[in-house]
Amino acid sequence: MTAPEPPFMFAPEAGRPETDALYLELDGWEGPLDLLLDLARRQKVDLLQISILALVDQYLIYIERAGALKLELAADYLVMAAWLAYLKSAMLLPKAEQEDPSPEELALRLQIRLQRLGAMREAAGRLMGRDRIGRDVFLRGAPEGLRTDRKTLWRSDLFSVIQAYGQVKARTAPRIYHVANRPVMTLDSALERVSSMLGVTLEWMEIRDFLPPHASPALKRSALASSFVAALELTKRGRAELEQDGAFAPLRIRRLKDAAAA
Amino acid sequence: MSEEPNDEPATLERAVEATLFAAEAPMSVEALAAHLGGLASGEVREALGTLEARYAKRGIHLVERGGRWHFETAPDLAHLLRREKEQVRRLSRAATEVLAIIAYHEPVSRAEIESIRGVQTSAGTLDVLMEADWVKPAGRREVPGRPVIYATTPDFLDHFGLASRRDLPGIDELRAAGLLDPVDEAMEAALDGMGRFEPDEEDDTPEPEDDENLAD
Amino acid sequence: MSEEPNDEPATLERAVEATLFAAEAPMSVEALAAHLGGLASGEVREALGTLEARYAKRGIHLVERGGRWHFETAPDLAHLLRREKEQVRRLSRAATEVLAIIAYHEPVSRAEIESIRGVQTSAGTLDVLMEADWVKPAGRREVPGRPVIYATTPDFLDHFGLASRRDLPGIDELRAAGLLDPVDEAMEAALDGMGRFEPDEEDDTPEPEDDENLAD
């Protein structure tokens, strides 16, 4: 078994009132280490010269008195008391039975920690005692303040202005759209044309033969499409039949006989 | 330090000095006397006189205004408090268009500008032109709503090197110069790009701001 | 006026004086030089030195804190000004101790602060110090858990009238006495001094502080 490390870490600090007096309440301390430091200071020697045994006794007496007065003790103070009691008994034991680390080492560690805490507590006091702004020294009550006003100098040039105007005018000028009159053969005229031509013969005729012979290429394409749709329409009405040998082969049409009669 | 013995200020003088320095508002002789523990006004007045003379040539002056005293920056150094930084910036495309419309159509209301441009004009655009002092409000149009109408200023003619607005090229001249041709996006982008290389564009770069350092 | 001719302050001196008087926050030499139109730092520094000497005996002092300069009232006049102007927040004892530990040990982690104080630091304590702008997080310690480490700010130096951290009261003595070193180092030194231990100190090395538990 190794000796327990000193219980130097305790419960969170509470908002405790500042005090220099040794109250029986433990509210005056920032934890057990702080209380130990106060007790050690009472020995009025360098913290590295204090008698740990005396310090332990003082602490334990203090805790006992608090207990006798039925004061609620924070657990961390009790943990420290238990540890100190252990330390004391270890220090009183014969050397041969010493644990590792030795009680002297634990005591030294406690002293070093007290020394450090003491140093910081003193430093804090000296720091707070300095000439502080707003308490000891004061800044100017109503400084005028320094301001930098930024002024923008705008630049442009005549060409940009004229060009911009031109662009506005161009962008917003009314526009006229010309839609070219495209040569088309409507479905109606194709129907009329195909059915009248079918009336002439009972023979198979190619769709191509229905196209106007001297038409422009554009009109021819329109006529081809319209004539094809007209052929489909006549077939659907039962007045003609269509025939094609294969894909892209010439498409042929002829009048149905009874349809002619009808 | 080679200060003369008489340079050492009297206690009361130092007290008045510190009190006025820390005060948040100017203080009367009576207020000072009371603050300093019920002194006689005469003593305070004397200390104020000494201080006033001491600071007469410094960067800060002790001055009396309406019976109350305070420290303030010497008048000849007032420019240090408010420093002006000039920054040259090129007019945005939108602002240039609005400026052009005002120049060609003035006086013109905002609604009319918008109808000519075919887009809404943000409030800042007119502000910029007025800040540049090229455009000013020129009354109101006597129509319902009485909108403000805008016109160009003499500074506008000045900056753009025009003797008068009649010097602006007319529509026919614009057309002849090809400036009325529809401009497509690519073309506009190209023109914008060219703009970057104009000599005065260099000034556009915001200057390094050193006043930020003052804050911390 | 019976002022000596050499009492007439130089132009730059007056400008620095007026600027610092008017400034709402302390200014570095660089900020002053920039504000005054891009002067050389050396010139400004010289003017500051002259001014500092000029004001040394007056009711107002020119002081440097953490590289920044400002005017403040002379500390010996505190009693005249304090009565109406007490505006300093009272720090709890915990907060003053934590502040001192950070100032003397910086940068320092929360666990390190707690190991010195022997008590956990409540959440509010560090917040108060950071809110006052006296303490700021200063990165992380490159150890397991990468705890945040804290350091003081220029405002801290300013508030406590410290030109730099070297001016912290007693810091040289504390450092010389090893009181700013970790406990473990001090233990080793003390044990070495006593010479009570065999060379193979390995096992004797005090266990690491229970800091790990503190990290919350």
Side-chain angles (χ1 to χ4, degrees), chain A residues 2 5-19 29-34 36-37 48 76 80 100-102 104-105 108-109 111-141 143-146 148, chain C residues 19 21-24 35 61 63 70-75 78 81-82 85-88 91-94 96-97 99-101 103-104 114-122 124-125 158-162 168-171 174 177 179-180 183 186-187 190-191 196 203-204 206-207 209-210 213-214:
Chain A
T2 47
E5 279 292 307
F8 284 135
M9 192 50 55
F10 307 100
E13 69 192 8
R16 287 173 180 146
E18 209 171 310
T19 176
W29 286 276
E30 295 276 330
L33 195 60
D34 194 29
L36 270 174
L37 179 58
L48 283 182
D76 47 0
M80 176 62 96
D100 191 28
S102 68
E104 286 79 11
E105 219 176 311
L108 176 62
R109 195 174 185 82
Q111 280 170 308
I112 287 176
R113 301 199 68 148
L114 288 174
Q115 202 191 9
R116 271 164 176 58
L117 179 59
M120 280 304 105
R121 204 205 263 181
E122 243 166 63
R126 290 170 74 182
L127 197 54
M128 294 303 138
R130 289 190 61 85
D131 291 332
R132 291 169 62 187
I133 287 177
R135 189 188 68 177
D136 307 292
V137 296
F138 296 87
L139 303 179
R140 188 149 178 227
E144 290 96 337
L146 301 173
T148 305
Chain C
T19 304
F21 229 74
E24 278 154 343
H35 184 82
H61 290 173
V63 294
H70 71 257
F71 279 106
E72 62 181 33
T73 57
L81 305 160
R82 197 175 290 158
K85 303 206 58 162
E86 180 88 33
Q87 48 184 233
V88 168
L91 285 183
S92 70
R93 197 171 127 203
T96 58
E97 275 184 19
L99 179 60
I101 291 168
Y104 284 79
E114 292 180 338
S115 118
I116 292 172
R117 297 188 63 227
V119 66
Q120 281 186 27
T121 305
S122 73
T125 306
D158 209 29
H159 182 88
F160 289 94
L162 300 161
L168 283 168
I171 192 168
L174 289 174
L179 284 169
L180 301 181
V183 172
M187 274 296 282
L191 294 174
R196 291 199 320 210
D203 298 331
D204 294 327
E207 268 136 71
E209 302 296 315
D210 37 0
N213 310 335
L214 311 177

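- Note: C:Gln120 CD to A:Asp76 CG = 9.5 Å, rounded to the nearest 0.5 Å.
- Contact record, A:Leu117 with C:Arg117: CD1-CA, 3.9 Å, taken as the closest heavy-atom pair.
- With rounding to the nearest 0.5 angstrom, the CZ atom of C:Phe160 is 11.5 Å from the CG atom of A:Asp131.
- Looking at A:Leu127, the atoms closer than 4.5 Å to chain C (heavy atoms on both sides) sit in the backbone and in the side chain alike.
- Per-residue counts of heavy-atom pairs under 4.5 Å with chain A were compared for C:Gly161, C:Ala74, C:Ala177; the largest is that of C:Gly161.
- Expressed to the nearest 0.5 Å, how far CD of C:Glu24 lies from CG of A:Leu139 amounts to 11.5 Å.
- We find the NE2-CZ distance between C:His159 and A:Arg130 to be 11.0 Å, quoted to the nearest 0.5 Å.
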Exercise for review: Report the C-alpha separation of C:Val183 and A:Arg109 in whole Å, then their side-chain angles, then the decisive distance to 0.1 Å, and conclude whether the side chain to side chain contact (heavy atoms under 4.5 Å, CB included) test is met.
Suggested key: CA-CA 8 Å; C:Val183 172; A:Arg109 195 174 185 82; 4.2 Å; yes

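- C:Met187 contributes atom CE, which lies 4.5 Å from atom CG of A:Leu108 (distance to the nearest 0.5 angstrom).
- Between A:Arg140 and C:His70 there is no side-chain heavy-atom pair separated by less than 4.5 Å.
- Side-chain atoms of C:Thr96 never come within 3.5 Å of backbone atoms of A:Ala124 as a donor-acceptor pair (strictly under, hydrogens ignored).
- When side chains are defined from C-beta on, C:Leu174 counts as touching A:Met120, because their heavy atoms get closer than 4.5 Å.
- In this structure, the separation between CG on C:Leu168 and CZ on A:Arg126 is 10.0 Å, given to the nearest 0.5 Å.
- Among C:Leu180, C:Leu99, C:Ile101, the residue making the largest number of heavy-atom pairs under 4.5 Å with chain A is C:Ile101.
- Counting all heavy atoms, side chain and backbone alike, C:Ala22 lies closest to A:Pro143 at O-CB, 3.4 Å.
- The two atoms that bring A:Phe138 and C:Ala78 nearest to each other are CE1-O, 4.3 Å, heavy atoms only.
- Counting only heavy atoms from C-beta outward, the side chains of A:Glu122 and C:Pro169 never approach each other to under 4.5 Å.
- Across A:Arg113 and C:Ile116, no two heavy atoms sit closer than the pair NH2-N, 4.2 Å.
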